[in-house]
Amino acid sequence: MIATFSAPPLQPAPQYSIGDYIDRLLSGGTLLPNTPENLLEVVGVLHAYGIVLDAYAINLQHIANTQFLNLFPIFKYFDGKISLKKIVKHLWHDRINYEYAEYVMRTMMWHGGGGLDAYLDSEAFLAYCSPAIQAKAKTNPILLVFNKLFPDYLPEQVRQLAYYSGLGQFWRVMSDIFMDLSATYDQGKIKTIDQVIELIKAGLVANASKPIVYKVTISGTEYDILPQEAELSFLFDTAVPYVESIFFRGTPFFGTISYNAQAHQIPIDQGHFDYGALYADPLPIGGAGIPPTLLMQDMRHYVPDYLQTIYAKSVRGKDDVRVQLGQSFQKSMFCVTEAAVRGLMPFPADTNNPKEQTANRDYLNGWMKRLFQSRMNLIQ
C-alpha cells in the first residue's frame with residue numbers, strides 16, 4: 001500500500017493597498033516588516049555596502065581631483081598608489097570593481113535632476129570651468145586642439161568630473177552613516193527595523209545642508225568648478241536626485257532589453273523609467289556582465305559572520321551568495337528610501353493638526369503610488 005502525502009495548503013500572500021502603506025507609515029510602522037531575519041539582513045548588508053562605498057567614494061573623488069581632463073586615465077582605479085603588486089592584482093581582477101561606481105555616476109548624470117544638474121547647464125558653470133580648461137590646455141597641445149575644434153567637448157568632460165566629485169561626496173556621507181549603523185548594532189542598540197530607519201534618517205537630516213563643492217589644482221593654482229556660491233547641498237542636490245535616478249528610474253541592462261528606438265522596448269520619457277534598484281528582480285543580477293553583479297561581488301568579501309550564517313542555512317547555501325546579497329540589498333534600499341521619505345515629510349507623522357495630516361497623506365500618496373509598482377509587495 002502506497003502512503004499518500006497531502007501538502008498543507010499554501011497561504012495566500014497578504015495584499016496591501018496604497019492606503020494601507022500610508023496608514024502604516026503614519027502609525028509608526030515600516031515598509032519592510034520588522035522581523036529578526038530582516039533586521040540581520042539589512043544591517044549586515046549595509047555593513048558590507050558601507051565598506052565598499054568607502055572605496056568607491058575615495059576613488060571617485062581621486063579621479064575628479066587628480067585626473068582632471070586626462071583623456072587617457074589608465075591608472076584611474078589605483079588611487080594614486082601605483083605598484084607592480086597592485087597592477088598584477090588589478091589584471092587578475094583581485095580588486096574592488098570601480099567600474100560599477102562609474103556606471104552609477106553616468107546613470108545619475110544621464111537622468112539629471114536637482115540643483116547639481118541645473119547648475120552644470122548654467123552660464124555660471126561655464127564661467128567657472130573655462131579658466132580651468134584654459135589652464136589645463138595651455139600645457140597640453142591635444143586639449144588645445146580639441147578645445148578649438150570642439151568647444152563643447154571639454155566642458156562636457158568637466159560636467160562628468162563634477163558628477164564624479166558630487167557622487168563621491170554623497171557616498172562619503174552614506175558610507176559613514178552605514179558604518180555608524182553597523183557599529184551601533186554591534187553595541188546592542190539597534191533592535192528593530194524602525195531604529196535602522198531612524199538612524200539613517202538622522203544621518204540624512206544632519207548632513208542635509210552639507211555643501212557640495214569641487215575645485216581642482218592646476219600648476220599650483222586652485223580653480224573652482226562647483227563653488228560655494230552655487231549653494232549646492234547634500235540632500236536636495238545629490239541625495240534626492242540619486243534616489244530618483246538609481247532607486248526608481250535606473251537603466252535597463254544591456255543584453256536584457258533592446259535600446260533600439262524602433263523596438264519600443266524602453267519608454268521614450270525618462271520619467272517613466274522603472275528599472276531602478278527597487279524594481280529589479282534580484283535573480284538576474286547573478287548573470288555575467290550585468291553591472292550590479294560587480295557590486296555584489298565586491299560586497300561578498302565583507303559580509304559579517306551573522307549574515308553569512310543566514311545565507312549558509314538557505315536552500316543553496318553560499319553557492320548563490322550574490323543572489324542572496326541582491327535580495328538583502330534590495331530590502332536595505334527600501335529602508336534607505338523610507339528614511340529619505342520620512343526626512344522630507346512636510347510635517348511630523350504624529351501631528352494632530354488636520355491640515356498637516358492631510359498634507360502628509362498627500363505627500364505620502366505620491367511616493368506610495370510609485371513604490372506600489374516596485375517589489376515592495378514581494379518583501380512583505
**Asked** Taking only residues two or more places apart in sequence, or in another chain, which ones meet K210 in a salt bridge (charged side-chain N to carboxylate O under 4.0 Å, His left out)?
**Response** none
**Item:** Residues in salt bridge (charged side-chain N to carboxylate O under 4.0 Å, His left out) contact with E123, at least two apart in sequence or another chain
**Value:** none
**Request:** Any chance you could pull the hydrophobic cluster mates of V88, using side-chain heavy atoms under 4.5 angstrom and chaining through other members?
**Result:** L84
Is there a donor-acceptor pair closer than 3.5 Å between any side-chain N or O of [X] and the backbone N or O of [Y]?
{"X": "S314", "Y": "Y311", "answer": "yes"}
{"X": "N147", "Y": "L143", "answer": "no"}
{"X": "R24", "Y": "G29", "answer": "no"}
{"X": "D79", "Y": "K81", "answer": "no"}
{"X": "Y119", "Y": "E231", "answer": "no"}
{"X": "T351", "Y": "F347", "answer": "no"}
{"X": "D20", "Y": "Y16", "answer": "no"}

Answer yes if the side chains of [X] and [Y] hold a donor-acceptor pair under 3.5 Å, and no otherwise.
{"X": "Q169", "Y": "S165", "result": "yes"}
{"X": "R249", "Y": "Q270", "result": "no"}
{"X": "E102", "Y": "Y164", "result": "yes"}
{"X": "R300", "Y": "Q297", "result": "yes"}
{"X": "Q357", "Y": "N353", "result": "no"}
{"X": "Y77", "Y": "N97", "result": "no"}
{"X": "H111", "Y": "S245", "result": "no"}

**Request:** Just grab all the ring pair (Phe, Tyr, Trp, His ring centres under 6.0 Å) pairs involving residues 210-233, residues at least two apart or on different chains.
**Result:** none
**Asked** Who passes ring-ring contact (aromatic ring centres under 6.0 Å, His included) against F75, sequence neighbours left out?
**Response**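 F75 satisfies ring-ring contact (aromatic ring centres under 6.0 Å, His included) with F78 only.
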**Message:** Would Y103 and T251 count as a side-chain hydrogen bond (donor to acceptor under 3.5 Å, both in side chains) here? Give the steps.
**Reply:** CA-CA 10 Å; Y103 165 81; T251 54; 3.0 Å; yes
Between the side chains of [Y] and [X], is the shortest nitrogen-to-carboxylate-oxygen separation below 4.0 Å, so that they form an ion pair?
{"X": "D54", "Y": "R172", "result": "yes"}
{"X": "R342", "Y": "E198", "result": "yes"}
{"X": "K313", "Y": "E37", "result": "no"}
{"X": "D23", "Y": "R361", "result": "yes"}

**Message:** The criterion is side chain to side chain donor-acceptor pair (under 3.5 Å); which residues satisfy it with T139, sequence neighbours excluded?
**Reply:**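 Counting only residues at least two positions away or on another chain, T139 forms no side chain to side chain donor-acceptor pair (under 3.5 Å).
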**Request:** Would you confirm whether the ring centroid of Y49 sits within less than 6.0 angstrom of the ring centroid of W171?
**Result:** no
**Asked** Below 6.0 angstrom between ring centroids: does that apply to Y306 and Y185?
**Response**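 Aromatic pair counts; centres sit under 6.0 Å.
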**Item:** I225 with I218, same ILVMFWY side-chain cluster at under 4.5 Å
**Value:** yes
A side-chain contact here means heavy atoms from C-beta on lying under 4.5 Å apart; do [X] and [Y] qualify?
{"X": "F234", "Y": "L204", "answer": "yes"}
{"X": "I310", "Y": "L40", "answer": "yes"}
{"X": "N38", "Y": "P33", "answer": "yes"}

**Request:** Would you please test N360 and E356 for side-chain hydrogen bond (donor to acceptor under 3.5 Å, both in side chains) and show each step?
**Result:** CA-CA 6 Å; N360 279 344; E356 294 178 355; over 6 Å; no
**Complete:** From the list F247, F248, F372, ring-ring contact (aromatic ring centres under 6.0 Å, His included) partner of W367 resolves to F248
**Item:** For P346 against A359, the heavy-atom pair lying closest together
**Value:** CG-O, 4.1 Å
**Asked** Y21 pairs by side-chain contact (heavy atoms from CB on, under 4.5 Å) with which of L26, N377, L371?
**Response** N377
